[in-house]
Amino acid sequence: MSKQMSHLDNIPSTPGKFKMDKSPYIHNRLRWHSSLAKLTFWSFMFLGLILIFFFRSPSSNPLPQDPSRRSLRTYNWGGPAWEKRVRSSARIRSRNGISVLVTGAAGFVGTHVSAALKRRGDGVLGLDNFNDYYDPSLKRARQALLERSGVFIVEGDINDSALLRKLFEVVAFTHVMHLAAQAGVRYAMENPGSYVHSNIAGFVNLLEVCKSANPQPAIVWASSSSVYGLNTKVPFSERDRTDQPASLYAATKKAGEEIAHTYNHIYGLSLTGLRFFTVYGPWGRPDMAYFFFTRDILKGKSISIFEAANHGTVARDFTYIDDIVKGCLAALDTAEKSSGSGGKKKGPAQLRVFNLGNTSPVPVSDLVSILERLLKVNAKRNIMKLPRNGDVQFTHANISLAQRELGYKPSTDLQTGLKKFVRWYLSYYSGGQKAAG
Ligand SMILES: O=C(O)[C@H]1O[C@H](OP(=O)(O)OP(=O)(O)OC[C@H]2O[C@@H](n3ccc(=O)[nH]c3=O)[C@H](O)[C@@H]2O)[C@H](O)[C@@H](O)[C@H]1O
């Protein structure tokens, strides 16, 4: 580099050419010209370097291509009109109602929970970063649905402390329903950073803001059945070991449970973690098997059905969305107040974890048979060995704790729930006109 610079240095001045000139005026003018040329040259070089840096810098791109940087895009928020919408959406409209900040409100569970809270007169404000982990148009459609029932979704990321602080400045939320997360077990091998970003950094950021809020809200948040990992004792009970996660997704959810313990212990935040078991239903997630199986069966594409070693059954405790919503609302309603204020703990606070499952595991091959009957199309089944990508063989929830403490009682079997899902799917994608997922 220094060699090149000294070479370039010699080109514009070419002092030998002007040696014969004796006039000091001309000499000075030439010197001045040559300095000007040098200055101009280096200014252009400098400008060029800045432009190259600017265009190559990933953070200058409003929609970064690297998915782990997706949520670093900037969002517009603030201003009197925006604050008015926030206030109005979060306004409690029933006696004894609560005001809830729902993170991940444009997500599957977030949309259903927000709508249910609004229906009973609670104040609800949504927050979502609308990332493109799956088709964002489905998230926009859910947003439109909530909009019609009076729920405003603020566009932003849970990692944005300034935004979160602003929301708590505008509304004294009594509760936070934290559902924003990077979901999906298998995708964690493709994009590990996005799990750390949302499920760990984002969660900590949210808790930091909640602990400093005055009053502190009570927090209910989505953990996962996947924390049971390689646990073989069934049905899974909250007391069972959760120290053998089989995927990074599971590990980040397990980390969330430990982080919740810390914030409860130090700051007196009331925290309830809900271990959801493979939630399905209308407006669901296109990355989940029941959803893309439906799409592929209708398209006549073959589907891969996993089986364990020695033709072992792979099964899930599929849980219908309406049952999950009831569990979420019951968790909010039984959540005690946080005990601290302004970042200081004033006494012990509630810390809970519940399984929210269906307590009747169904083999994945049976799920496919139900879909075949409902869709009236035979699936092209490709049976394959369960890949080593984070999936576990079996999940089964023991729900007695949730039954006792939350009055949780799931009432939808897989056949009934899938029927509702298929009806929604066919009407939403109106005979395959829109591309699913
Ligand atoms: O309870 C949870 O905490 C998690 O539930 C969900 O994970 P899973 O239970 O793995 O659901 P899902 O992917 O629908 O696979 C269903 C079944 O199909 C099998 N499966 C899957 C894909 C495939 O091609 N073939 C197949 O047989 C597969 O082996 C599995 O047995 C959420 O996605 C996750 O975000 C988290 O919330």
Side-chain angles (χ1 to χ4, degrees), residues 104 107-110 133-134 179-191 194-195 198-199 221-229 231 235-236 242 245-254 256-257 273-281 284-297 301-309 311-321 323-324 327-328 353-359 361-371 379-397 399 410 414 417-418 421 437:
F108 170 37
V109 180
Y133 165 60
Y134 60 79
L179 299 167
Q182 175 59 62
V185 173
R186 295 169 292 278
Y187 181 64
M189 286 181 73
E190 266 174 65
N191 188 1
S194 67
Y195 290 79
S198 296
N199 304 356
W221 69 283
S223 182
S224 160
S225 72
S226 64
V227 299
Y228 292 107
N231 178 41
F236 301 158
T242 53
S247 65
L248 184 71
Y249 168 70
T252 60
K253 286 295 180 181
K254 169 67 180 168
E257 293 189 355
L274 302 175
R275 294 177 179 164
F276 294 158
F277 281 68
T278 317
V279 190
Y280 72 98
R285 278 173 31 211
D287 64 314
M288 289 184 68
Y290 74 94
F291 198 117
F292 63 76
F293 281 173
T294 300
R295 181 191 60 206
D296 292 347
I297 291 171
K301 275 174 67 177
S302 76
I303 56 171
S304 303
I305 301 169
F306 301 151
E307 66 171 27
H311 304 293
T313 303
V314 172
R316 285 290 177 277
D317 198 0
F318 296 100
T319 311
Y320 189 62
I321 183 65
D323 290 323
I324 289 290
C328 290
V353 167
F354 295 108
N355 285 342
L356 291 187
N358 196 48
T359 62
V362 176
V364 177
S365 53
D366 290 7
L367 163 96
V368 175
S369 303
I370 298 174
L371 286 176
K380 294 195 176 107
R381 295 172 184 238
N382 169 29
I383 310 295
M384 60 182 279
K385 218 177 118 224
L386 189 67
R388 261 180 215 267
N389 54 11
D391 266 330
V392 294
Q393 187 180 343
F394 198 79
T395 64
H396 183 182
I399 56 162
L414 188 59
L418 281 179
F421 164 72

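Whatever order the structure lists them in is the order used to number ligands and atoms, beginning at 1.
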For ligand 1, which atoms, with element, lie under 4.0 Å from some heavy atom of [X]?
{"X": "F277", "answer": "1 (O)"}
{"X": "I305", "answer": "27 (O)"}
{"X": "V314", "answer": "29 (O), 31 (O)"}
{"X": "S226", "answer": "3 (O)"}
{"X": "S224", "answer": "2 (C), 3 (O)"}

Of all the non-hydrogen atoms in the protein, which one sits nearest to [atom], and at what distance?
{"atom": "atom 27 (O) of ligand 1", "value": "F306 N, 2.9 Å"}
{"atom": "atom 16 (C) of ligand 1", "value": "A289 CB, 3.9 Å"}
{"atom": "atom 11 (O) of ligand 1", "value": "T278 CG2, 3.6 Å"}
{"atom": "atom 13 (O) of ligand 1", "value": "R186 NH2, 2.6 Å"}
{"atom": "atom 10 (O) of ligand 1", "value": "D391 OD1, 3.4 Å"}
{"atom": "atom 2 (C) of ligand 1", "value": "S225 OG, 3.3 Å"}
{"atom": "atom 32 (C) of ligand 1", "value": "R285 NH2, 3.6 Å"}
{"atom": "atom 8 (P) of ligand 1", "value": "R316 NE, 3.8 Å"}

Mind listing the closest non-hydrogen atom pair of [X] and [Y] along with its distance?
{"X": "Q182", "Y": "S198", "answer": "N-CB, 3.7 Å"}
{"X": "K253", "Y": "A181", "answer": "NZ-CB, 3.5 Å"}
{"X": "A379", "Y": "I303", "answer": "CB-CD1, 4.0 Å"}

Side chains of [X] and [Y]: is there a donor and an acceptor less than 3.5 Å apart?
{"X": "Y187", "Y": "D287", "answer": "no"}
{"X": "S369", "Y": "R381", "answer": "yes"}
{"X": "N358", "Y": "T319", "answer": "no"}
{"X": "K254", "Y": "T242", "answer": "yes"}
{"X": "N191", "Y": "Y195", "answer": "no"}

Quick one: are [X] and [Y] in side-chain contact, heavy atoms under 4.5 Å?
{"X": "D391", "Y": "R186", "result": "yes"}
{"X": "I321", "Y": "Y280", "result": "no"}
{"X": "R285", "Y": "F291", "result": "no"}
{"X": "F293", "Y": "V364", "result": "yes"}

Check if [X] has a non-hydrogen atom at a distance under 4.0 Å from any atom of ligand 1.
{"X": "Y249", "answer": "yes"}
{"X": "R275", "answer": "no"}
{"X": "F292", "answer": "yes"}

task = Have a look at ligand 1 and work out which part of F293, if any, has a heavy atom under 4.0 Å from it: side chain, backbone, both or neither.
result =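 Answer for F293: side chain.
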query = For G184 and ligand 1, does the shortest N/O to N/O distance drop below 3.5 Å?
reply = yes
task = Return a yes/no value for S304: is any of its N or O atoms, backbone included, closer than 3.5 angstrom to an N or O of ligand 1?
result =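 Yes, since at least one N or O of S304 sits under 3.5 Å from an N or O of ligand 1.
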